[in-house]
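Naming: A, B, ... by sequence-line order, numbering from 1 per chain.
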Amino acid sequence: MTERKVRVRFAPSPTGPLHIGGVRTALYNFLLARKLGGTMILRIEDTDQNRFVPGAEAYILEALAWCGIVIDEGQGVGGPHAPYKQSERKPMYRAYADQLIADGFAYYAFDTPDELDAMRARLQAAKVPNPQYNSITRAQMRNSLTLPEDEVQALLDAGTPYVIRLKVPRKEEIRFQDMIRGWVVVHSSAVDDKVLMKSDGMPTYHLANIVDDHLMDISHVIRGEEWLPSAPLHVLLYRYLGWESTMPQFAHLPLLLKPDGTGKLSKRDGDRLGFPVFPLEWRGLDADTGEPTLSRGYREDGYLPAALVNFLAFLGWNPGTAQEIFSMDELIQAFSIERVSKSPAKFDQNKAKWFNEHYLRAQPNAELAPYLLGALAEHGIACTQAKAEQIVGVMKERVSFPQDFWQEAKYFFQAPDAYDEQAVAKKWNPQVAAALAAYAEALPGAAAAAAEGLKNLFNQTVEAQGMKPGQVLQMLRMAVTGGAAGPDLFETLAILGPGEVAQRLRTAVATLG
RNA sequence: GGUCCGUUCGUCUAGGGGUUAGGACAGUAGAUUUUCAUUCUACCAACAGGGGUUCGAUUCCCCUACGGACUACCA
């Protein structure tokens, strides 16, 4: 096999927000391109004007960028094969359909929707196992294969609506090699005479896809398994167009399934099970009611892009080693299509969360601080970058998502307005109160405001009161934070500062007696 | 219904004709921690079923079951 430049493409339809499965497809394309020193192309497949959704294209671009999937060429970045949007390439497709007709591989069909329905109904009534427009049934339909030439011409001249269909042979074995599944063989009798050009003059996905992949010199087609059934049709198109020698290699990715039960993961599953199926939040309109809808996004739910990417990469692929944590660069190094599994993967929120916790803990405080700062700003609370970094530093071991910072770290900014009743009932008593009061008095004079100094001072003060630190510690935390659990207590006190701590202790002692 | 694809712990998966079938997530228990969390340790848990081939099959082949995708002038 001759060496060929690796050029892969991700070709979504702008019919709505990009599904998480689509993100994975894009990711695998990107990984392969980078791994092999190739080019990653983004093409927008918007041949169905009825399903166009405003904002979907911008969403796709933003989602990919957020994930760190870089587009080398295509929509949004340009390149030698522009335009990269099929609606803008419309004039290019017709010539290929004409070529197919001229070569006897395609034909005009004038059947109306009603006639097509009637045909299917007839076939179904006759218990034909697979009703379709094909090598047999086309003989009874109104097309350029059955109609006299002059009549066809007359219909064309009269502007009668028509489509162009592929003339699929009656008996032929169509085979191709899939990089993931090996040889796939389909008999042509199972393939119908697919519409290539619609009556509105737009190509269908099938024609546009093959023409563009050829024109853009695509070397590998990596797409979801839902395309496997139409791959034989695509092979036929490459052959009839005379492009078989440069036909890309196919890889059909296993599907992403619902976490429970069975079936393809869908938007509704996310709503039902309470996790996002989209990378970014999406505001759309309900297809049935037209009501505005809001779909959650991984970004808004607090997932770090690196965590999502790592998680997604492992849904259907693994390196064959024990390593599970991979940066994008490491994924590029380790990735190979051969190690993509054949079987579909169920979506596991627990694993996604675990990845996120891992990346959160590995993230530098300086990069985490903005999350807390943002929430503080919303509540009108001022805070320095340095203090926010300190807080997220002690908090990040105990949260799953950045937005948890505010909820968990509230007490750094607001004195508790209530105390954990159970803890109070169990451990609060006059001696404890006295010890805490003594600590409050000693605090302002603390030589060092660092955790270590505060701890020593606490131990000395409590022991001077004739008690053991362990008897008072829990109540110290409770008096200062209101709760019974949290990060290292003296680190917490250090961040708060001796003055604030003393103040809160006095309040607690006054309140609880 | 038809065509195609698939099937290892609850989940993601490794493995592969002879293995105590490995790892991770989740779950459980313990250690550490003033507490919670982290961390560490241990435990729990799988080759869909039936036929072949073979000295031997979870691994190769066939059948069945189950699951999925597709079956539009949607992609």
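In this structure, R223(A) reaches neither bases nor backbone, as no heavy-atom distance under 4.0 Å exists between it and the strands shown. Looking at heavy-atom distances under 4.0 Å, L476(A) makes no contact with the nucleic acid at all. Counting non-hydrogen atoms under 4.0 angstrom, T47(A) reaches the backbone sugars and phosphates but no base. No engagement by D178(A) is indicated, since no non-hydrogen atom pair under 4.0 Å with the nucleic acid exists. Counting any heavy atom pair closer than 4.0 Å across all strands shown, G470(A) reaches no nucleic acid atom. Within the 4.0 angstrom heavy-atom criterion, base atoms lie near Q474(A). Among the protein residues, V195(A) comes within range of the sugar-phosphate backbone only, with heavy atoms under 4.0 Å from sugar or phosphate atoms but none that close to a base. When heavy atoms are screened at a 4.0 angstrom cut-off, G316(A) is found touching the sugar-phosphate backbone but no base atom.
As the counterpart of A37(B), no nucleotide is assigned, since no Watson-Crick or G-U wobble pattern has both distances under 3.5 Å. Taking a pair to require two hydrogen-bonding distances under 3.5 Å in either a Watson-Crick or a G-U wobble arrangement, G27(B) pairs with C43(B). Using N1 to N3 plus N6-O4 or O6-N4 for Watson-Crick, or N1-O2 and O6-N3 for G-U wobble, each under 3.5 Å, U20(B) pairs with nothing. In a base pair of the Watson-Crick type (N1 to N3 plus N6-O4 or O6-N4) or a G-U wobble (N1-O2 and O6-N3), with each distance short of 3.5 Å, G6(B) is matched with C66(B).
Proximity of K264(A) to the phosphate of C70(B): a side-chain N or O atom is located under 4.0 Å from OP1 or OP2. Using a 4.0 Å cut-off, some side-chain N or O of R339(A) falls inside it from OP1 or OP2 of G15(B). Close to A37(B), at under 4.0 Å from its OP1 or OP2, lies no side-chain N or O of K396(A). Taking 4.0 angstrom as the limit, R165(A) places a side-chain polar atom (N or O) nearer than this to OP1 or OP2 of C73(B). Of the side-chain N and O atoms in S341(A), one or more sit less than 4.0 angstrom from OP1 or OP2 of U13(B).
Counting non-hydrogen atoms of neighbouring residues, nucleotides and ligands closer than 6.0 angstrom, the NZ atom of K396(A) exceeds 12 such neighbours. No more than 12 heavy atoms of other residues, nucleotides or ligands shown are found within 6.0 angstrom of NZ on K353(A). Sparse packing is recorded around CD of E421(A), with 12 or fewer heavy atoms of other residues, nucleotides or ligands lying under 6.0 Å away. In the displayed structure, Q422(A) atom CD is contacted under 6.0 Å by at most 12 heavy atoms of other residues, nucleotides or ligands.
For the P atom pair drawn from A46(B) and U11(B), the interatomic distance equals 12 Å after rounding to whole Å. The same atom, P, is picked in G6(B) and in G22(B); the two are 26 Å apart, to the nearest Å.
Remark: P of C74(B) and CG of L196(A) are 12 Å apart, rounded to the nearest angstrom. Following rounding to the nearest Å, W354(A) (CH2) and G23(B) (P) show an atom-to-atom distance of 15 Å. Rounded to whole angstrom, the span from the CG atom of L255(A) across to the C1' atom of C12(B) amounts to 16 Å. Rounding to whole angstrom units, CD1 of residue I174(A) and P of U3(B) are separated by 15 Å. Between the C1' atom of U3(B) and the CD atom of E226(A) lies a distance of 17 Å, rounded to the nearest Å. Between the P atom of A37(B) and the CZ atom of R361(A) lies a distance of 12 Å, rounded to the nearest Å. We find that CG of L489(A) is positioned 17 Å from P of A37(B), with the value rounded to whole Å.
In this structure, F458(A) and F490(A) have tilted ring planes: the angle between them lies in the 30° to 60° band.
Taking only side-chain atoms of E324(A), from C-beta outward, the nucleotide of A75(B), A24(B), U71(B) with the closest atom is A24(B). Closest approach to the L116(A) side chain among C74(B), C73(B), G23(B) is made by C73(B) (side chain taken as heavy atoms from C-beta onward). For P129(A), the listed nucleotide lying nearest its side chain is G2(B); candidates were A75(B), U13(B), G2(B).
Along RNA chain B, the nucleotide nearest P254(A) and the nucleotide nearest K455(A) are compared for position; the residue whose nucleotide lies closer to the 5' end is P254(A). Position along RNA chain B of the nearest nucleotide to V163(A) versus T321(A) favours T321(A) as the more 5'-ward residue.
In this structure, the salt bridge (charged side-chain N to carboxylate O under 4.0 Å, His left out) partners of E115(A), at least two apart in sequence or on a different chain, are R142(A).
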request  = I would like to know whether W317(A) and Y28(A) meet ring pair (Phe, Tyr, Trp, His ring centres under 6.0 Å); could you show each step before the answer?
outcome  = CA-CA 9 Å; W317(A) 171 87; Y28(A) 283 11; 7.4 Å; no
note = For nucleotides 4-11 of chain B, 5' to 3', base contacts (B), sugar-phosphate-only contacts (S) and non-contacts (-) with protein non-hydrogen atoms under 4.0 Å give SBSS---B
Could you list the donor-acceptor pairs under 3.5 angstrom formed between side-chain atoms of residues 196-211 of chain A and any protein atom two or more places apart in sequence or on another chain?
{"residue": "K198(A)", "atom": "NZ", "partner": "T47(A)", "partner atom": "O", "Å": "3.0"}
{"residue": "D200(A)", "atom": "OD1", "partner": "M202(A)", "partner atom": "N", "Å": "2.8"}
{"residue": "T204(A)", "atom": "OG1", "partner": "V195(A)", "partner atom": "O", "Å": "2.8"}
{"residue": "T204(A)", "atom": "OG1", "partner": "L196(A)", "partner atom": "O", "Å": "3.4"}
{"residue": "Y205(A)", "atom": "OH", "partner": "N209(A)", "partner atom": "ND2", "Å": "3.2"}
{"residue": "Y205(A)", "atom": "OH", "partner": "R223(A)", "partner atom": "NH2", "Å": "3.4"}
{"residue": "H206(A)", "atom": "ND1", "partner": "H234(A)", "partner atom": "NE2", "Å": "2.8"}
{"residue": "N209(A)", "atom": "ND2", "partner": "E45(A)", "partner atom": "OE1", "Å": "3.4"}
{"residue": "N209(A)", "atom": "ND2", "partner": "E45(A)", "partner atom": "OE2", "Å": "3.4"}

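S400(A) is listed as a side-chain neighbour of D404(A), based on a closest heavy-atom distance under 4.5 Å.
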